[in-house]
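Here is how names work: the chains are called A, B, and so on, in the same order as the sequence lines, proteins then strands, and each is numbered from 1.
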Amino acid sequence: MSRYDFKSIEKKWRRIWEENPINADDEGKPKFYCLDMFPYPSGKGLHVGHWRGYVIGDVLSRYKILQGYQVLHPMGWDAFGLPAENYAIKNNIHPSTGVLENVGNFRRQLKEISAVYDWSREINTTDPEFYAWTQWIFVQMFKNGLAYEKEMPLNWCPKCNAVLANEEAAGGVCERCGTPVTKKMLRQWMLKITSYAERLLEDLNLLDWPEKVVKMQTVWIGKSYGAEIDFNIEGSNKKLKVYTTRPDTLCGATFMVVSPEHSIVDELTKEDAREKMDEYRRQASAKSSVARMADKEKTGVFTGSYGINPINGKSIPIWVSDYVLAEYGTGAIMCVPAHDDRDFDFAVKFNLDITQVISPDGTISENLKEAYVGEGVLVNSEQFDGLESSAAIDKVTAFLEERGSGAKSINYKLRDWVFSRQRYWGEPIPIVHCEKCGAVCVPEEELPVLLPDVASYQPTSTGESPLSSISDWVNTSCPACGGPAKRETNTMPQWAGSSWYFLRYADPHNTNAIASPEALKKWLPVDYYIGGVEHAVLHLLYARFYTKFLYDIGVVDFKEPFLKLFNQGMITNEGRKMDKSGGNGVSPDDIVSMYGCDSLRMYEMFIGPPELDSEWDQRSIEGVNRYLNKVWKLIEGSIEKPAKATRQMEQVRHKMIYEITSRLDHWSLNTVISGFMEYTNKLIEIASSNGLDKETMEDLIIMLSPFAPHISEELWHMAGGQSSVFKQRWPIADPEKMKESFMTIAIQIGGKLRDTIEVASDSSKEEVILKAKGCLGKKLENVQISREIYVPGRIVNFVIK
RNA sequence: GCGGGUGUGGCGGAAUGGUAGACGCAGCGGACUUAAAAUCCGCUGACGGCAACGUCAUGGGGGUUCGAGUCCCUUCACCCGCACCA
């Protein structure tokens, strides 16, 4: 028996499907929008790890098609940004040339998957027709006051020569290259994502997302409840405002700390401390965030000034230290060393007072060895003594509000989004700077602002974009007053296009809008979104923000873009994440030529639970390949010698349908494949020399088709199918027909398996127990049975006294 | 430190509280073959036993239950994410 000829079969059907797409729109059916996170077309190409997510999306899409949905399953390219630019610089070509090359290779590789992508909807974020709308959204944000310019110290990656958003600089290192991030003072465009903080947090409730991703976004948004408190400054009419989540500990504040970047530092610093202070601030700004975080050892300088506690009137020293962050809260804190670990360390280091004000049990400890950060009863707190922390938080805040020296306050860790990059390969920010009118947005009818060709697009280390050297392009006229003006030379970050691309697929060639309202209404929001967990915060947060903004201006009528999110597990090789540059990437091209697309698709699903990481094992592909050959042989034989359906065959068929469908609905894709193997083996056994009956054969082919489309389509036609197998309907199991006439009952004594018996399915409890007793015989003589437990269809357990 | 996850044969992995190891890989034995490949059949957790069969076994320790891989408590190991946010 020779193996089936996958090469010619796969080639044949790929051509036919390309000419007659099987997911062509079919009016009147319910819609299903299944989206894979679009890839960044790098020079490395795809490996079998990338395939996994795409195959999952395609299996789902084809399953939905067979269930009678019209499915939108598109693909495109996220091609702006640093990797493409760096690749171009390295290979001495224009980024657009490199992108074209890589897209070509990615498209070819993705076509090898034979997914039902609607290639007529292919998009590319670097296409002017696409980025016109990326710029249009920016213009709307600008008009609505959500895009603004700001001069501020920013995360700067010295290797990429570009600023980074906070999300891109998590952990103090560049998200892309791992280089420790430094600070640089620059004028930047910002997007006011913080004004959506509450809704971004609240609406997480609407989503069917992995718990992990919801948690990560919640933590990133970082909402906290507390109070802002004003401290008068001794000998000055100025006040120092701090934020705290623990106003109940106010009487324990024995000093204050201001961040080195705080604007009040100069004013607070007394003459004799000035030299030391200037040096400290200089060092702090030079220090990378990594160094700032790695140094758990506290540093600081005393300003010489004192603040006055608004409750007890005590005067406490004001210090400057880099453990206080300028960008969070008010950039200044009150320090309660007895009840905060960081303040405790600082107080010990600089020998400052430590006053206990919270007691876990009402007693006062003499010598605190460490901070007690929990709640408790207030002590040493004037009129608030004896209160519980939770009550004291309210009472103290009310007291301060009454006196005009404090107020309730909510804070978020989320910062506004730094939206400009000093690089070439991105969407130009559609803004013109006019001396008279300031920043003016480019009129909508003039969009897109095309990215001009430039002789050198190498980044500079000065924080200026390469675009600034093209004077022809930079110098323009002001859209408002017509006077001379200069174009904005910064470009948008890599995330701009991916923040809204899922909308464009609905209507990718529209020249009047990001998509027509009808198309958006028809397809959006995305029903099922599939991609790696690495985008848990960045892309998914930005896309949610964009969607909420577009909702507010009436472009879309839904608040959340992705109803269901699925993160597929990685494929590892030798225990490490598969990576071409790591030398352990396996090319799908090789596997496809050895075993065929269908075998690789099957193996990608068989390898393990789709949400968990799985280890690649080349040899195991043999198993699914053998399985497909087995099916081929079985169906081929059944066509030659069609059999009549027996009762037993029908019963196995319905059980097979039931099992496969329920495993698929539980998204247990690996056991769907093992289910196919299990039931095929059963069918072969009961069919023996005869083949399968027509219905069993057809149902098996239909169910197999989302996983192994080519062989299924071929077998379907061999078996007499006139139209595509994907025009058929997913079979439905009849529970009545699944019933067997006999059942196997396990017999236990004291919970231990002793034997099994076969009984008629309609046997009563008494009959089963009687038969079980008879079967055990002598074994029962030596034990005292107190009762029997019978689980219908499963088990009889004789309970020992 | 906080959050999420994982721990079951030689390997990948199955098991709505109900016969642990489905399915597959690898391995062993056999059939076919001049031979090999392919294919087909059988065996394959550990220990004891000629065998029937018995005992042990789901990271470790406790508990609930007639019955626990599954539920509860506790503990260990590994992976991922976050982390001076007051």
Side-chain angles (χ1 to χ4, degrees), chain A residues 1-3 170-172 210-216 218-220 222-224 226 242-246 249 257 289 292-296 298 321-325 327-336 339-343 345-346 373 411-415 533-534 536-537 569-570 572 575 577 603 606-609 611-624 626-627 629-630 633 662-663 666 668 670-681 744-756 785-800:
Chain A
M1 170 67 204
S2 62
R3 293 193 163 197
E211 193 187 333
K212 177 182 180 159
V213 176
V214 170
K215 279 266 164 60
M216 281 172 76
T218 303
V219 168
W220 189 261
K223 185 180 188 178
S224 72
V242 303
Y243 172 73
T244 179
T245 54
R246 294 295 298 273
T249 64
V257 173
S289 339
R292 246 168 106 150
M293 283 188 290
D295 280 348
K296 290 289 174 189
K298 298 282 184 285
S321 172
D322 65 6
Y323 85 88
V324 172
L325 307 172
E327 321 88 64
Y328 182 75
T330 62
I333 59 170
M334 66 175 205
C335 300
V336 186
H339 306 294
D340 182 282
D341 292 323
R342 299 149 298 181
D343 298 346
D345 292 346
F346 196 85
V373 299
N411 253 285
Y412 299 90
K413 291 183 191 173
L414 186 69
R415 312 284 150 78
V533 73
E534 65 272 17
V537 175
M570 290 184 317
T572 59
K577 181 178 162 60
Y603 180 60
F606 189 55
I607 191 166
E611 71 280 6
L612 299 183
D613 295 351
S614 296
E615 174 74 11
W616 180 257
D617 180 8
Q618 187 98 6
R619 290 177 306 191
S620 289
I621 303 171
E622 286 281 356
V624 287
R626 280 180 201 142
Y627 170 72
N629 277 291
K630 211 183 235 186
K633 189 176 158 190
S662 80
R663 291 177 194 191
H666 286 99
S668 177
N670 53 326
T671 60
V672 169
I673 306 297
S674 62
F676 278 126
M677 293 170 171
E678 204 181 322
Y679 279 94
T680 302
N681 287 342
T744 310
I745 305 288
I747 309 169
Q748 299 180 334
I749 298 175
K752 294 204 176 209
L753 181 71
R754 282 295 173 264
D755 213 331
T756 59
I785 302 301
S786 61
R787 62 189 167 114
E788 304 91 14
I789 293 202
Y790 175 56
V791 182
R794 292 218 168 247
I795 262 176
V796 174
N797 187 15
F798 294 100
V799 181
I800 304 171

Using the side-chain heavy atoms of A:L325, tell me which of these nucleotides is nearest: B:G18, B:A86, B:A26. B:A86
What does A:I789 touch in the nucleic acid at a heavy-atom separation under 4.0 angstrom: a base, only the sugar-phosphate, or nothing? base
Using whole Å, report how far CZ of A:F676 lies from P of B:A14. 17 Å
B:G18 P sits how many Å from A:I747 CD1, rounded? 19 Å
A:N797, nearest nucleotide to its side chain (from B:A86, B:G24, B:G67): B:G67
Atom-pair distance (CG on A:D755; C1' on B:U19), nearest Å: 11 Å
Between B:A31 and B:G45, how far is it from one P atom to the other, in whole Å? 24 Å
Quick one: pull up CD in A:E622 and OH in A:Y603 and give me the separation to the nearest 0.5 Å. 11.5 Å
Can you check the A:D345 CG to B:A86 C1' distance for me, whole Å? 13 Å
Please tell me which of the listed nucleotides, B:C80, B:G67, B:C56, lies nearest to the side chain of A:K212? B:C80
Please check the phosphate of B:A38 (OP1 and OP2 only) for any side-chain N or O of A:K633 closer than 4.0 Å. no
Chi-angle category of B:G24 [syn within 90° of 0, anti beyond]: anti
Starting from the 5' end of RNA chain B, give me the residue, A:S224 or A:L612, whose nearest nucleotide shows up first. A:L612
Judged by atom type as modelled, is there a donor-acceptor pair below 3.5 Å linking the side chain of A:R415 to the main-chain atoms of A:K413? yes
Ranking B:A86, B:G54, B:C23 by distance to the side chain of A:R754, first place goes to B:G54
d(CH2, A:W220; P, B:G3) in whole Å: 19 Å
If I take atom CD1 in residue A:I673 and atom C1' in nucleotide B:A22, what distance separates them, rounded to the nearest angstrom? 15 Å
So A:F606, base contact, sugar-phosphate only, or nothing? Heavy-atom distance under 4.0 Å. base
Looking at A:A746 and A:T756, what are the two nearest heavy atoms and their distance? CA-CG2, 4.1 Å
Side-chain contact test, heavy atoms from C-beta onward, threshold under 4.5 Å: evaluate it for A:W616 versus A:I621 and give yes or no. yes
Which part of the nucleic acid does A:R415 contact within heavy-atom distance under 4.0 Å: base, sugar-phosphate only, or nothing? base
Between B:G13, B:U19, B:A15, spot the one nearest the side chain of A:T671, thanks. B:A15
Could you give the distance separating B:A37 and B:G30 at their P atoms, to the nearest angstrom? 14 Å
Between B:C40, B:C56, B:C84, which one does the side chain of A:K630 approach most closely? B:C40
Taking any heavy-atom pair under 4.0 Å as a contact, classify A:N681: base, sugar-phosphate, or nothing. sugar-phosphate
Quick one: label A:Q748 by what it contacts on the DNA or RNA (base, sugar-phosphate, nothing), any heavy atom closer than 4.0 Å. base
Is any side-chain N or O of A:K215 under 3.5 Å from a base N or O of B:C82, one able to act as donor and the other as acceptor? no
Nearest-angstrom distance, C1' atom, B:G7 to B:C11: 15 Å
Ignoring hydrogens, what is the shortest heavy-atom contact between A:H339 and A:V373? Give both atom names and the distance. O-CG1, 3.6 Å
How is A:E211 classified with respect to the nucleic acid when contacts are heavy atoms under 4.0 Å: base, sugar-phosphate, or nothing? sugar-phosphate
Closest listed nucleotide, where the reference is the side chain of A:L753 and the choices are B:C84, B:G81, B:U19: B:U19
Mind checking the P distance from B:U75 to B:C84? Whole angstroms is fine. 27 Å
Interatomic distance at C1', B:U19 relative to B:C25, whole Å: 25 Å
Measure from the side chain of A:S620, starting at C-beta and using heavy atoms only, and say which of B:C84, B:A22, B:C25 lies closest. B:C25
Given the C1' atoms of B:A14 and B:G21, what is the spacing between them in whole Å? 7 Å
Please work out if A:P210 contacts a base, only the sugar-phosphate, or nothing of the nucleic acid, heavy-atom cut-off 4.0 Å. nothing
Whole-Å distance, A:D340 CG to B:A86 C1', equals 6 Å
Separation between the P atoms of B:C23 and B:C43, rounded to whole Å: 12 Å
For the C1' atoms, the ones on B:C56 and on B:G3, what distance do you get once it is rounded to whole angstrom? 38 Å
Looking only at side-chain N and O atoms, does A:S668 offer a donor or acceptor that is under 3.5 Å from a partner on A:T671? yes
What contact category does A:N670 fall into here, base, sugar-phosphate, or nothing, at under 4.0 angstrom with non-hydrogen atoms? sugar-phosphate
Can a side chain N or O of A:Y627 be found less than 4.0 Å away from OP1 or OP2 on B:C23? no
Under 4.0 Å, counting only non-hydrogen atoms across every strand here, what does A:T756 touch: a base, just sugar-phosphate, or nothing? base
Answer for the Watson-Crick or wobble partner of B:G48, both distances under 3.5 Å, is B:C53
Closest nucleotide of RNA chain B for A:E622 versus for A:I333: which of these residues is on the 5' side? A:E622
Just checking, A:K298 and A:Y323: is the charged tip under 6.0 Å from the six-membered ring centre and within 45° of the axis? yes
Interatomic distance, A:R787 CZ vs B:U65 C1' [rounded to whole Å]: 10 Å
A:R626 side chain N/O closer than 4.0 Å to the phosphate oxygens (OP1, OP2) of B:G24? no
Can a side-chain donor-acceptor contact be found between A:S224 and A:Y412 if the only test is distance below 3.5 angstrom? no
